[in-house]
Amino acid sequence: MTFENIITSAQNQRIKRLVALQQKSVERKKSGLFVVEGVRELLHCIRAGYEVECLFRCQDILGSNPDAQEIKTLAPDAPIYDVSKKVYEKMAYRGTTEGLMAEMRAKDKALNDIKLPENPFLAVLESVEKPGNLGAVLRSADASGVDAVIVCDPLTDLFNPNLIRSSIGAVFTVPTLACSTEECIAFLNSHGIQILTAQLQDSTLYYNTDMRQPTAIVMGTEATGLTNAWRQAANAHIRIPMLGHLDSLNVSVSAAILMYEVVRQRNHGLEL
């Protein structure tokens, strides 16, 4: 685009639509679009097979970022709209960003789309409400080699901009999908994947539980824990020892501890 075609008004209809997609889940669901902000996150998203609807670029902020050139190579036909720095700052969901964001086309994912390896390792979250918590869990899932993250009965949509931001794109690097608790339990049982529920009641210390076989670690919210459906479906109940006065950890911290126990048992040949 030439300099004269730079969008300089936040009242531009394209800008207003993008902001609506950022702020409203109903707009994302109705349009089938969502927003990804930041060069790193965009690369993860495009590499995961998502289609770019259009790009918004602030050249004053972006500069000559080489990764941005790769994005143009991966999505050569995507329209690019240049915006002024003032407009971009109004568009941006977070305070610091690289000057590039995009509207992306959402994809419907089902349980049967998960490509299970011979010895699958899954993480399941039930009714997690805070996008930041879910994003942090996804970062740990990426780091620990989780094969998929299944969100049951979600209270936030998977394209929430805060979730994408807090996961730094892990929502795209780790196969992530939503379904009901009943559907997930049936899926795990049909594939012979043991269900380990994280809970305080009737539980065994997590490091005394065999996770070397096909395993799904299931966690609920800090406030209410897991529903009875999961407690009853579980092959074993596991807990993290709490040696202080409190009786729970943030779900993202608990998830990281349990995920890396799977790594420890499977990759280091350690006995229980």
Side-chain angles (χ1 to χ4, degrees), residues 25 28-34 36 41 43-53 74 104-129 131 133-135 137-160 163-164 167 169-198 210-221 226-236 238 251 255 258-259 262-263 266:
S25 175
R28 295 192 288 271
K29 292 176 182 176
K30 183 173 69 174
S31 66
L33 300 172
F34 65 98
V36 177
E41 290 85 346
L43 273 175
H44 290 320
C45 186
I46 295 170
R47 288 169 179 165
Y50 287 86
E51 178 185 348
V52 180
E53 186 78 3
L74 293 172
M104 306 295 299
R105 179 67 55 183
K107 294 192 296 185
D108 291 328
K109 294 181 181 178
L111 287 167
N112 289 333
D113 294 328
I114 299 175
K115 297 179 180 178
L116 293 174
E118 183 177 344
N119 190 16
F121 168 27
L122 306 179
V124 179
L125 299 169
E126 185 183 41
S127 301
V128 174
E129 182 177 9
N133 277 343
L134 182 51
V137 171
L138 285 163
R139 291 178 68 173
S140 295
D142 178 273
S144 60
V146 168
D147 296 306
V149 172
I150 303 171
V151 185
C152 296
D153 305 319
L155 299 178
T156 184
D157 75 79
L158 299 183
F159 299 116
N160 182 296
L163 189 160
I164 296 171
S167 79
V171 68
F172 307 120
T173 63
V174 180
T176 306
L177 59 92
C179 67
S180 70
T181 286
E182 292 73 18
E183 290 171 329
C184 188
I185 291 173
F187 174 81
L188 297 175
N189 286 335
S190 69
H191 288 85
I193 299 172
Q194 72 166 341
I195 297 172
L196 304 181
T197 54
D210 191 348
M211 302 180 186
R212 292 169 292 186
Q213 59 188 293
T215 296
I217 295 173
V218 185
M219 292 155 286
T221 64
L226 290 166
T227 58
N228 285 332
W230 279 112
R231 297 173 191 268
Q232 294 168 7
N235 299 100
I238 59 175
V251 66
L258 297 177
M259 288 172 184
V262 178
V263 174
R266 293 187 178 188

Requested in this report: Could you pull out the closest heavy-atom pair between K109 and L177, with the gap in Å?
Outcome: CB-CB, 3.9 Å
Report summary line: Heavy-atom closest pair (A123 atom, V146 atom, distance to 0.1 Å) is N-CG1, 3.8 Å
Query raised in the report: D147 side chain to F121 main-chain N or O, any donor-acceptor pair under 3.5 Å?
Result: yes
Query raised in the report: What pair of heavy atoms forms the shortest contact from T181 to C152, and how long is it?
Result: OG1-CB, 3.6 Å
Query raised in the report: Is the side chain of N235 donor-acceptor paired with the backbone N or O of L196 at a distance under 3.5 Å, no angle test?
Result: no
Report summary line: One should read off an interatomic distance between N112 CG and E183 CD, to the nearest 0.5 angstrom, of 10.0 Å
Requested in this report: Can you see which heavy atom on L226 is nearest to which on R231, and at what distance?
Outcome: O-NE, 3.2 Å
Requested in this report: Answer yes or no: is there a donor N or O on one side and an acceptor on the other, between the side chain of D113 and the main chain of A110, under 3.5 Å?
Outcome: yes
Query - Q213 backbone acceptor or donor facing R266 side chain under 3.5 Å - result: yes
Query - Side-chain (E126) to main-chain (T227) donor-acceptor, under 3.5 angstrom - result: yes
**Report entry** Closest approach of A233 to I195 (non-hydrogen atoms, all atoms of both residues)
**Finding:** O-CD1, 3.8 Å
Query raised in the report: Can you tell me if T176 uses its side chain to pair, donor with acceptor, with the backbone of V174 under 3.5 Å?
Result: yes
Requested in this report: Anything under 30° is parallel, anything over 60° is perpendicular, the rest tilted; go ahead and classify Y50 against F159.
Outcome: perpendicular
Report task. State whether the number of non-hydrogen atoms from other residues, nucleotides or ligands found under 6.0 Å of K107 atom NZ is greater than 12. Result -> yes
Query raised in the report: Considering all heavy atoms of both residues, which atom of M219 and which atom of A198 are nearest to each other, and what is their separation?
Result: CG-CB, 3.9 Å
